Protein chains: 2
Amino acid sequence: MDSIAPLRDIRRSRHGEVMARRSRDRPADGANTRISARNRKTILDAAIRVFTEKGYDGASIAEIAALSGLPKANVYYYFGSKQAIYRTLIADVLSEWDKALTLLREERDPAEALADYIRAKLDFTRRHAAESRMFANEAVHGGRFMSRGDRAHIRAATLSRVKVLEAWMEAGKMDRVEPIHLFIMLWASTQYYADFDILARSGLGSGRITAADYDRAAETITRIILKGCGLAG
Amino acid sequence: MDSIAPLRDIRRSRHGEVMARRSRDRPADGANTRISARNRKTILDAAIRVFTEKGYDGASIAEIAALSGLPKANVYYYFGSKQAIYRTLIADVLSEWDKALTLLREERDPAEALADYIRAKLDFTRRHAAESRMFANEAVHGGRFMSRGDRAHIRAATLSRVKVLEAWMEAGKMDRVEPIHLFIMLWASTQYYADFDILARSGLGSGRITAADYDRAAETITRIILKGCGLAG
DNA sequence: GAAAAAGTTGACGCTTCGGTCAACTTTCGG
DNA sequence: CCGAAAGTTGACCGAAGCGTCAACTTTTTC
């Protein structure tokens, strides 16, 4: 009866944001109802838009709730915290990270494989610009909300593909270049259009980056990379 | 006497942040004292660190004040608002944007000029990683705090250098590629190391990106770009 | 068809935020 | 050395942030 406020093992950041918590009335467990699935999706769809536009710190749960048409408390019923929503989204994007990488297989022709990879990355960037930007934002901030596992995953995926490039070089199929720096060129060049939209637009002069712009980008990048790696013709 | 709170022509965003204001007791005008200069610099130095790490929304004036060893009210004495500090910083970075671009002059040898440009951009990126990331963050968020003039500036600088590339192509000194997409490849590739530090590191495997890593990056990027544009040998 | 589980919601608590202010001390020009 | 300008600072404000909760309704389960 009005004695002492209950102490729990929680850490707080600014805004009193809970960093770690144990759920009390168990949402999000075996909850696989239709309602649950629908509302979760509604919330995540709204969240990705808000996080993309405002970034993690700039986004507010109230805005996400408003955009998804649900009361704020309901959002918290499905996701225990702001971080939980964000992490879910980041994990989703991350799972796409290496999907395109699977196009690079040793038995394939290097020129074809690389051209496909560039094409696939640019396609993903164009069709999922919001996710791409959200991930870019996370990366710019040093991957604050990426788990150790996430990092290990990225690393493993990268290394396995570095091996493919090395095999191609070993076989004399392409010039010897540092594989990781080549990858960085590819990642950077393909993501730029979504992540730094305003900067790209300021050069393209267009109000929006069109599908035709992406086509020209793919063509230019592919040509320079292939020729630059001794894969022309 | 305690009548009505004074109404002024201000607009507020979240957190009651002032979007436009008129200074009351005129700081920051002809204030060119030594004290003023020193404190301004102290604040900006602290601010860039906080903004880089946390982004605009994540940064708080209290933290900037703490880091610069000044009381919060003193920070507001020199800079009327959070935006004022941020904009000052962005303007500084922007003024560096085209400095490197001046290396690309029509009368120079294309291969040499491009190699120098790549080198210069990477050097700036390495030595001013914080600024680079802060600017990247601003760009990812759509350039919320970039003025129309800032945009026009970027655009003009870009277009003038596009013309240089076109002249080189016209003269048959290099392959015909879309100049703007080539620029984007260069910007993206050189900035990646600072902006997406964790991602780059996950591939490089190092705990920190070293000067040697930058050297190898410069070498790889230069080789691929030059050869890819028909500038080899 | 009733008990249990899942979902809904408005009001609330506490913290931090950007920004203000008034009283004070230091610096500086003449 | 004096008066004005510049600089300093603790206390404070209202707004907004994240997260909580208890009471309620709906859906599912058996």
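Small disclaimer: the values here were computed from a predicted structure and weren't measured. Chain A is the first sequence line, chain B the second, and so forth, proteins listed ahead of strands; every chain is numbered from 1.
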Review point. OP1 or OP2 of D:dA6 less than 4.0 angstrom from a side-chain nitrogen or oxygen of B:Thr33, does that happen here?
Key: no
**Study point:** Integer-rounded Å distance: D:dC18 P and A:Tyr86 OH
**Key:** 14 Å
Check your understanding: Between A:Ile35 (CD1) and C:dT9 (P), how many Å, whole number?
Key -> 11 Å
Point to revise | side-chain contact (heavy atoms from CB on, under 4.5 Å) between A:Thr220 and B:Ile184, worked out | key: CA-CA 10 Å; A:Thr220 305; B:Ile184 286 176; over 6 Å; no
Check your understanding: Tell me: CD of B:Gln83 to C1' of C:dC17, nearest whole Å?
Key -> 15 Å
Review point. Among C:dG10, D:dG10, C:dC17, which nucleotide sits nearest the side chain of A:Pro71?
Key: C:dG10
**Study point:** Between D:dG17 (P) and A:Tyr56 (OH): distance, integer Å
**Key:** 14 Å
Check your understanding: Can you find a side chain N or O atom of B:Tyr78 that sits less than 4.0 Å from OP1 or OP2 on D:dT8?
Key -> yes
Practice item. Say whether B:His181 and A:Tyr193, considering side chains only, have a donor N or O and an acceptor N or O under 3.5 Å apart. Key: yes
Exercise for review: Considering just the side-chain nitrogens and oxygens of B:Tyr77, establish if one lies under 4.0 Å of OP1 or OP2 belonging to D:dT8.
Suggested key: no
Check your understanding: Would you say a side-chain N or O of B:Asn39 is under 4.0 Å from OP1 or OP2 of D:dA6?
Key -> no
Check your understanding: Between D:dC18, C:dT9, C:dG18, which nucleotide has the shortest distance from any of its atoms to the side chain of B:Lys82?
Key -> C:dG18
Review point. Side-chain N or O of A:Asn74 less than 4.0 angstrom from OP1 or OP2 on C:dT8?
Key: yes
Practice item. Please determine, for the side chain of B:Tyr76, which listed nucleotide (C:dT27, C:dG18, D:dC18) has the closest atom? Key: C:dG18
Check your understanding: In terms of side-chain heavy atoms, does B:Asp150 have a donor or acceptor partner in B:Ser147 at a distance below 3.5 Å?
Key -> yes
**Study point:** Protein-nucleotide distance (B:Ile61, atom CD1; D:dG17, atom P), rounded to Å
**Key:** 17 Å
Practice item. Give the rounded distance in Å between these two atoms: CG of A:Asp57 and C1' of C:dT15. Key: 15 Å
Practice item. Write down the distance between NZ (A:Lys72) and C1' (D:dG17), rounded to a whole number of angstrom. Key: 8 Å
Check your understanding: With a 3.5 Å cut-off and no angle check, do the side chains of B:Asp45 and B:Ser68 form a donor-acceptor pair?
Key -> no
Point to revise | Pairwise 5' ranking along DNA chain D for A:Ala73 and B:Val75, keeping only the more 5' one | key: B:Val75
Exercise for review: May I ask you to decide if B:Leu89's main-chain N or O and B:Asp92's side chain share a donor-acceptor pair within less than 3.5 Å?
Suggested key: no
Point to revise | Any B:Ser81 side-chain nitrogen or oxygen under 4.0 Å from OP1 or OP2 of C:dG18 | key: no
Check your understanding: A:Lys54 NZ to D:dG17 C1': how many Å, rounded?
Key -> 13 Å
